[in-house]
Amino acid sequence: MTSSAITAPFTTATGSDVVVRFCPSPTGTPHVGLVRTALFNWAYARHTGGKFVFRIEDTDAERDSEESFEMILEALRWLGLNWDEGVGVGGPNEPYRQSQRTDIYLEIVEKLKASGHLYESYMSGEDIDARNEAEGRAKQLGYGNWERDASERAKYIKDGVSPALRLRVPDVDITFDDLVRGEITFPAGSFPDFVVVRPNGQPLYTLVNPVDDALMGITHVLRGEDLLSSTPRQIALYNAMFEAGITKFIPRFGHLPYVMGEGNKKLSKRDPESNLFHHRDRGFIPEGLLNYLALLGWGISAERDIFSLDELAEHFDVENVNPNPARFDQKKADAINASHIRLLSVDDFAERLIPYLQSAGVLGHQISDVQRATLKAAAPLVQERMVVLSEAPGLLGFLFKTADEIVIEDDAREGMPENVGEVLAAAIGALENVSDFKTEAIQEALNHALIEVLELKPRFAFGPLRTGISGRRISPPLFESMEILGKEETIKRLAAFARTV
RNA sequence: GGCCCCAUCGUUUAGCGGCCUAGGACGCUGCCCUCUCACGGCAGUAGCGCGGGUUCGAAUCCCGCUGGGGUCACCA
């Protein structure tokens, strides 16, 4: 029995009855827009006490790749977005990869055929174009639902050609209450009966996505706004499933705004900023990236924008998501990340620097006790100086080198005082007399020798020393750095630098 | 082109009829702090797209316009 209206009810699930899902297609590298969708779904599930399902939509053998699948898993794990049911953790609706669910779809298709919601369609693209032209219909209108009528359909049946399957769409206005945008109505006739199964029997996204959502009991569909216009189609399919006894309700939909790039364009996959791993490589920590991404469309309060994942979960509600598209602003993202870096405990911060120091070759695969001690001593000196962790090798590299490995960078030679040789000699002389080589004593000795005796301005007094021990114009605090290097090494470096000026 | 969505400082966001002389954050500018760079502190800069209504009163509600975006596949 096929009705001519939408009779299926929308879900009224709230609280712990909420079931959301994240269902990416494994194509390419994870995009920040995709991450934000995952984040909001996760946050909504955690906020309501509901369930977060993770499913993979790999029904396009042409474009899907195992490599991309692995990257999505790695991304979610790195970000700490855990799921309750789905790929890797199992659950009552296995399997969670659509490529393994073909039998399930075939069964649903049979039911929908039996209930009269699906019909065979033999018209090819060329047939449709030709018919539109013959009838003077605009080509953009596409399919004209001609084959709903069996006698019409008969005209297009060709020997040896299998039919596609189309959904018979009710000829009524379709209205739903979008969680972020409010009531939206698509007038009857906005779209034609659409194909849900290819002639070769392969079910398409148009079928498989709502079918899985229905079978898995998804109550709230939070997804990108690019899918907004396909929502009435899905509601039509839900209605068919309802009438065929496959499901009990239609989920609620919430369409999340785009993440934009430069200009007025969606952040393109080609844009490096769109690539999650690009940000990780630059030294974003998950806390920072997630916080920033949440800010694209949502805010925790009027006066605050730094918050943790737990706080996000506590306060997040889809209904407060702003419907307008937001531009990805790298500077703001950096600032948020920097704030989170400062929030880390020193030990945690130090640990997180290691991979960046290793990939830059500052540290090897094996880390010695001495290196670990140096890192521990140096971490607090730079924690407030970093925006992204990839700055670590540049900032800390000199602490893990020997005097002869120090390269004096060009810009570090600039701004030296006339008497740089004298300054270095005085500094060396002063340091040699420091018996307890600690920050305070070092500072005292150098202050006396350079500021008081030589009457130098601080920047002329300490600039050369900074360049000498680090080779750079910018470094962690000088005296602390000297303490970490030790007396002998410090003097060796200053002497070596003195020979080059 | 049809249909749909969107519209507050440069960016992001607060605002859900009077609390708005429109708030915060990032950015930018200046100052303070200072051994570099940062952190931090202080101050400043800058916005309701336009036009009609409704109302005693509109950034907030309604309509239109303009502008932007999306979508119209046997991709997802």
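In what follows, chains carry the letters A, B, and so on, assigned in the order in which the sequence lines appear, proteins first and then strands, with residues in each chain numbered from 1.
Base pairing of B:C42: its partner is B:G30, meeting the Watson-Crick or G-U wobble criterion (both donor-acceptor distances under 3.5 Å). Summarising the base pairing, B:C20 is matched to no nucleotide, lacking a Watson-Crick or G-U wobble pair whose two defining distances lie under 3.5 Å.
Side-chain N/O atoms of A:Arg385 and base N/O atoms of B:C37 include a donor-acceptor pair closer than 3.5 Å.
Across all strands shown, A:Pro199 has heavy atoms under 4.0 Å from base atoms, whether or not it also approaches the sugar-phosphate. Within 4.0 Å of A:Ser25, counting heavy atoms only, lie sugar-phosphate atoms of the nucleic acid but no base atom. Within the nucleic acid shown, A:Arg466 comes within 4.0 Å of at least one base atom, counting heavy atoms only. Within 4.0 Å (heavy atoms only), A:Pro187 reaches sugar-phosphate atoms of the nucleic acid but no base atom.
Put simply, A:Asn324 has a side-chain N or O that comes within less than 4.0 Å of OP1 or OP2 on B:U8. Contact annotation: A:Asn322 reaches the phosphate of B:A14 (side-chain N/O to OP1 or OP2, under 4.0 Å). Within the 4.0 Å cut-off from OP1 or OP2 of B:U34, not a single side-chain nitrogen or oxygen of A:Arg459 is found. One finds no side-chain N or O of A:Thr185 lying less than 4.0 angstrom from the OP1 or OP2 phosphate oxygen of B:C4.
The pair A:Asp127-A:Arg131 fails the salt-bridge criterion, with no side-chain N (NZ, NE, NH1 or NH2) lying under 4.0 Å from an Asp/Glu carboxylate O. Under the 4.0 Å criterion applied to side-chain N and carboxylate O atoms, A:Glu262 and A:Lys265 are not assigned as salt-bridge partners.
Spacing between B:U54 and B:C61 at atom C1', rounded to whole Å, works out to 8 Å. Remark: the separation of the P atoms in B:U11 and B:G1 is 27 Å, to the nearest Å. When the P atom is compared between B:C9 and B:G15, the two are found 16 Å apart, to the nearest whole Å. Taking atom P on both nucleotides, B:C16 is separated from B:G23 by 14 Å, rounded to a whole Å. Taking atom P on both nucleotides, B:A76 is separated from B:U71 by 15 Å, rounded to a whole Å. As rounded to the nearest Å, B:G18 and B:C62 have P atoms that lie 16 Å from one another.
Remark: P of B:C74 and CG of A:Asp60 are 14 Å apart, rounded to the nearest angstrom. Whole-Å rounding puts the A:Met482 CE to B:U36 P distance at 14 Å. Rounded to an integer number of Å, the gap from CZ of A:Phe462 to C1' of B:C37 is 16 Å.
Taking the syn range as angles within 90° of 0, the glycosidic angle of B:C32 is outside it, so the base is anti.
A cation-pi geometry, defined here as NZ or CZ lying under 6.0 Å from the six-membered ring centre and within 45° of its normal, does not hold between A:Arg153 and A:Tyr119.
For the residue pair A:Ser99 / A:Asp58, a side-chain donor-acceptor distance below 3.5 Å is found, with atom types taken as modelled. Side-chain contact of A:Arg63 with A:Thr27: a donor-acceptor pair under 3.5 Å is absent, judged by distance alone.
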